[in-house]
Trainee: 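My questions all concern the structure below.
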Amino acid sequence: EGDSRVNFLKEALHIAREAGSVIANVFQETKQNVQTKANCADLVTETDKAVEKLIFDYLRTKFPSHSFIGEESVSDGAMQCHLTENHTWVVDPIDGTMNFVHMNPNVAVSIGLAINKQTEVGVVYAPMLDQIYFGVRGHGSFLNGRRLSVSKSITDISQALIATEFGSRRDESVTTVCANIQNILMKHKVGGIRCTGSAALNMCSVASGAVDLYYEWGPQCWDVCASHVIVHEAGGVTTDALGQNFDMMSRSYICASNKHLIEQLVPSVTQISLAQ
Ligand code: LIP
């Protein structure tokens, strides 16, 4: 297979588009076949499962020696969420499942490829928004063919537009999530807070300059793998929630157009424990 990242990208784009048409075809069906996972805010539909199978069947045929991590296969116990140095495809068939069941268009297929645990290729396709983002390490990132670049002008968090999420937990951690948002609004008097309901699209918004910073505790590697390389190639920075080195498996992420914004955010938020 050699170092054929262009080929990996080509195949990821192909299957992301196929997956996107499956999602688009059922999007208007008012009654999705919904099941709950951890709680009432953590959902899976038949479409999530079918799309994940479609993507993995295709990539497995193309790249039989590669490894795979997928949200739904991990959730139903068929696969372990364990990243090795092997070429590993990290896939979320529908990022924004809650949006999907509500016919809210902020849904995306996220397909990332990690090599030696580093994200090298990422495709995020939002079929209902007609947006296809991709990035290849060292070769830039693009939205519908247009080169992406993070917002350059904002280094003071008080002027920033920030994306975050309330997440899917419905326990006492919600108090801290809300307190953090309150603190950012009252202490920094930031320009605004946005929640799209998709970690992948929040990160891609940093890459395109549509928001300046995104942070969240709770997403999983499949929510961020693809968009991490897209942000990096657009000139952005991704760290864990302490502002330290990005670790795909850490489930705590800050992603921003520059490191100054991250340095100002970190002292203003209380860390949320993910154990439970
Ligand atoms: C979702 C994320 C969202 C986060 C949710 C969940 P899913 O992914 O993208 O930002 O707040 O907890 O992880 O479950 O729709 O693929």
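Residues take their numbers from the sequence shown, with the count starting at 1. Ligands are counted one by one from 1 in listed order, and the atoms in each one are counted from 1 as well.
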Trainee: Apply side chain to side chain donor-acceptor pair (under 3.5 Å) to residues Ser73 and Glu52 and explain how you reach the verdict.
Mentor: CA-CA 8 Å; Ser73 311; Glu52 184 161 310; 2.4 Å; yes
Trainee: Sequence neighbours left out, what passes ring-ring contact (aromatic ring centres under 6.0 Å, His included) with Phe134? Give chain and number order.
Mentor: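 ring-ring contact (aromatic ring centres under 6.0 Å, His included) check on Phe134 returns Phe142.
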Trainee: Can you tell me which residues line ligand 1 if we count any heavy atom under 4.0 angstrom from one of its atoms, in chain and number order?
Mentor: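 These residues qualify: Glu71, Asp92, Ile94, Asp95, Gly96, Thr97, Glu165, Gly167, Ser168, Gly197, Ser198, Ala199, Glu216, Asp223.
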Trainee: Could you go step by step and tell me if Phe8 and Phe63 meet the ring pair (Phe, Tyr, Trp, His ring centres under 6.0 Å) rule?
Mentor: CA-CA 9 Å; Phe8 299 148; Phe63 309 114; 5.1 Å; yes
Trainee: Might you confirm whether atom CG of Asn144 has over 12 heavy atoms from other residues, nucleotides or ligands at distances under 6.0 Å?
Mentor: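 Check passes, neighbour count above 12.
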Trainee: Quick check: are there more than 12 heavy atoms from other residues, nucleotides or ligands sitting under 6.0 Å from NZ of Lys53?
Mentor: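 No, because the 6.0 Å sphere around NZ of Lys53 holds 12 heavy atoms or fewer from other groups.
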Trainee: Answer yes or no on whether Arg60 is positioned over the face of Phe68, meaning its NZ or CZ is under 6.0 Å from the six-membered ring centre and within 45° of the axis.
Mentor: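 Cation-pi check for Arg60 and Phe68: passes.
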